[in-house]
Amino acid sequence: MAKKPKKVSESYVTMTELVLPNDTNTLNNLMGGRLMHWMDIVSAIAAQKHSNRIVVTASVDNVSFGEPIQLGNVVTLKAQVTRAFNSSMEVRIEVEAEDIPSGKKFESNSAYFTFVAVDQSGRPIDVPEAIPETKQDQEYYDGALRRRQLRLVLAGRMDPADANELKSIFNLT
C-alpha cells in the first residue's frame, strides 16, 4: 500500500541547546562530537516526523566546522527532510550559534544526514514521498538524488557508470 505523500514542511524541527562547560574542549569551544550528537538527534526527529516510523542513521555527509561555537553560546539546529526514497530519507541540518550578550549570530555549519525507516524488527520499510513547497525546497530536493548517488558510489554500493545524475553534472552522459 502506497503511503500518502507529505509536504517537506511537515518534517521541520528546531532544537535549541546551551553550550555548557561539559560540552567544550580546552579552548572553551563546543566539541565537534557534541555538535554532531545534537545534529543526529534533530535530524532523526525530522525523519521520524516524515515517516511516522523508527529511524536509524545510515550516513552523514561532509560535516565541516566554520566559526567555533563558544562556551555560553546558544545553538539552534534546524532540520527538514529534503527528499524520501524507498525506505530512506535525506535530512538537511543547519546550525546557527548566538552570543546573546553581544547579540552576535552566525551560521556554524550545515550537513545532510540519511536515515532509514525500520519496522519493529529492524527491517527497512517504505516511507512517504516528500513534496517540496518552495523554490529552496525544490533545489534541495533536486540535489538529493545527486548526493544519494555520490554516497552510494563512495560506499561501493553503486557503479559510477550507473550514476547518471552525477555524470550529468560533468556532461559525461
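Not measured: the values here are computed from a predicted model.
- A chain of hydrophobic side-chain contacts below 4.5 Å, direct or via other Ile, Leu, Val, Met, Phe, Trp or Tyr residues, connects L35 to I41.
- Sorted by first and then second residue, the pairs that involve residues 22-32 and meet side chain to side chain donor-acceptor pair (under 3.5 Å), not counting sequence neighbours, are D23-R34.
- Taking every heavy atom of both residues into account, A144 and T82 meet most closely at CB-OG1, 4.2 Å.
- With values rounded to the nearest 0.5 angstrom, L30 atom CG is found 8.5 Å from F65 atom CZ.
- For A79 against V91, the heavy-atom pair with the smallest separation is CB-CG1, 3.9 Å.
- A distance of 9.0 Å separates OH in Y140 from CD in Q80, rounded to the nearest 0.5 Å.
- By the 4.5 Å heavy-atom criterion applied to side chains, Q138 and T134 are not counted as neighbours.
- Checked by atom type and distance alone, the side chain of K7 never pairs as donor or acceptor with a backbone atom of E133 at under 3.5 Å.
- No option in V75, T76, L77 other than L77 meets the side-chain contact (heavy atoms from CB on, under 4.5 Å) test with M15.
- Of the possible donor and acceptor atoms, one in the side chain of S51 sits under 3.5 Å from a partner among the backbone N and O of R53.
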Check the pair V95, M39 against side chain to side chain contact (heavy atoms under 4.5 Å, CB included), reporting the backbone distance first and the verdict last.
CA-CA 8 Å; V95 179; M39 292 171 77; 4.1 Å; yes
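- Hydrophobic clustering of Ile, Leu, Val, Met, Phe, Trp and Tyr side chains at less than 4.5 Å, counting indirect connections, unites M89 with V60.
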Verify side chain to side chain donor-acceptor pair (under 3.5 Å) between Q48 and N52, making sure each step is shown before the conclusion.
CA-CA 5 Å; Q48 284 182 347; N52 292 325; over 6 Å; no
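- No continuous path of ILVMFWY side-chain contacts below 4.5 Å connects Y141 to V13, so the two sit in separate hydrophobic clusters.
- Panel note: side chain H50, backbone V8; no donor-acceptor pair is recorded below 3.5 Å.
- Linking ILVMFWY side-chain heavy atoms closer than 4.5 Å, directly or via other members, places W38 and V63 in a single hydrophobic cluster.
- No side-chain donor-acceptor contact under 3.5 Å links D40 to the backbone of H37.
- Of the inter-residue distances, the one linking N73 atom CG with S108 atom OG reads 9.5 Å to the nearest 0.5 angstrom.
- For the side chain to side chain donor-acceptor pair (under 3.5 Å) condition, the pairs that include at least one residue of residues 111-120, sequence neighbours left out, are S59-T114, R92-Y112, T114-R151.
- Considering all non-hydrogen atoms of both residues, N109 and S64 come closest at CB-O, 3.0 Å.
- Side-chain contact between P21 and L71 is present, with heavy atoms from C-beta onward closer than 4.5 Å.
- Atom-to-atom distance recorded for F113:CZ and D61:CG is 9.0 Å, nearest 0.5 angstrom.
- Considering all non-hydrogen atoms of both residues, P132 and A130 come closest at CD-O, 3.5 Å.
- Taking CD of E129 as the reference point, atom CZ of R83 lies at 8.5 Å (rounded to 0.5 Å).
- The closest side-chain donor-acceptor pair between S87 and D126, if any, does not fall under 3.5 angstrom.
- Rounded to the nearest 0.5 Å, atoms CD (E96) and CD1 (I69) are 10.0 Å apart.
- A salt bridge links R147 with E90: the closest approach of a Lys/Arg side-chain nitrogen to an acidic carboxylate oxygen falls below 4.0 angstrom.
- When all heavy atoms are compared, the tightest approach of P68 to F106 is O-CZ, 3.5 Å.
- A donor-acceptor pair under 3.5 Å links the side-chain atoms of K6 to the main chain of K49, judged by distance alone.
- Residues I45 and V42 fail the side-chain proximity criterion, which asks for heavy atoms closer than 4.5 Å.
- A pairwise comparison of heavy atoms in S88 and V127 identifies O-CG2, 3.9 Å as the closest pair.
- Taking hydrophobic clusters as Ile, Leu, Val, Met, Phe, Trp and Tyr residues chained together by side-chain heavy-atom distances below 4.5 Å, M36 shares a cluster with F115.
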